[in-house]
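What you see is a predicted model, and the numbers here were worked out from it, not measured in a lab. Both backbone and side-chain heavy atoms feed into the values below; hydrogens, waters and symmetry mates do not. First listed ligand is number 1; within each ligand, the first listed atom is number 1. The first residue in the sequence is number 1, and the count goes up from there.
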Amino acid sequence: MPHFRLFRTPDGWFLDSTAGAVRVAEEGDGLTARDDLPEWLSDLRVPGSEFQVPGPDFQVRSPGLLAPLERQEVWAAGVTYLRSRTARMEEARVPAGARFYDLVYEADRPELFFKAAAWRVKGPGEQVRIRRDASWNVPEPEIALLVSPSGRILGYTAGNDMSSRDIEGENPLYLPQAKVYDGSCALGPAIVVGGPPAPSVTIQLEIRRGPRAEFSASTTVAQMKRDFGTLVEFLYRETSFPEGCLLLTGTGIVPPDSFTLRSGDDVLITVDGVGTLRNGVG
Ligand code: DO4
Ligand code: MG
């Protein structure tokens, strides 16, 4: 199946194709998590001639794009890349805390945690936030899978799992406070539909401070220790998702320990095929 990109706007969902962008659903259809994806792709309804064909700098010209989900929960996997395991062990304030990350990296069962209700997720161009009671904060650039109610991986987008390293480092039991707060999750700008990303897909992070790129790095899906199917299988074992879900799959990029995000920074996360998710830091 060829890859297409789905965008969500206040006017509904749009699909880009060689013929231009077409509207495929009104807001509220819950279309993005249906299981019969190939069927609705051939059932495009309202041609949207007023809508610009997306290009490489689409997010700059499209301030109206919304986060590409409606009512789905957002979950996250952790410590799926060696870089994340190392960073977590370094930030842990006590050796016993560090050991948890080493153990989960090697274990069969992955780390999975609830990240955000749909209404708390920021879209392209919106501000993400750092906690006011945290002193060491980073963005986590991740692939987010769109998973159907039956557990089928329908597509993927770019995600930001904003995290407070000092809070999590103090005690792993503080993970929900380090990860779940207002402005801690962003998704977009589009969902690439047609299955999971290939191992060669690149994830890039750039953090801009004024005119300067303060930090930049990239990784690929191939660097991930776990496979997407196993993450979904564990998540769906005993938990149902009537409208599907979004699953962040872990970060392979962590800035050096000396780095912390500041209010006013710009976070740019680029995933091959998806485009760039850009959010200022509030
Ligand atoms: O255990 C902490 C979570 C790590 C995480 O979010 C990641 O690896 O992306
Ligand atoms: Mg993460």
Answer yes or no: are there more than 12 heavy-atom neighbours, outside Y236 itself, under 6.0 Å from its atom OH?
yes
Would you find more than 12 non-hydrogen atoms of other residues, nucleotides or ligands less than 6.0 Å from R209 atom CZ?
yes
Mind checking the [atom1]-[atom2] spacing from [X] to [Y]? Nearest 0.5 Å is all I need.
X	Y	atom1	atom2	result
Y81	T220	OH	OG1	7.0 Å
Q223	T80	CD	OG1	11.5 Å
L145	I191	CG	CD1	10.5 Å

Heavy-atom contacts under 4.0 Å to ligand 1, chain-then-number order, include exactly A77, G78, V79, S84, R88, Y101, E111, F113, E140, E142, D161, E168, L175, K179, G250, T251
Exercise. Determine, step by step, whether D182 and R129 satisfy the salt bridge (Lys or Arg N to Asp or Glu O under 4.0 Å) criterion, reporting the C-alpha distance in whole Å, the side-chain angles of both residues, the deciding distance to 0.1 Å, and the verdict.
Key: CA-CA 7 Å; D182 290 342; R129 288 186 60 252; 5.2 Å; no
Restricting E140 to its N/O/S atoms, the closest one to the Mg ion (ligand 2) is OE1
As a quick check of understanding, evaluate salt bridge (Lys or Arg N to Asp or Glu O under 4.0 Å) for K225 and E111, giving each step before the final call.
CA-CA 12 Å; K225 182 170 190 251; E111 178 193 3; over 6 Å; no
For the Mg ion (ligand 2), angle spanned by D161 OD2 and E142 OE2 (nearest 10°) is 110°
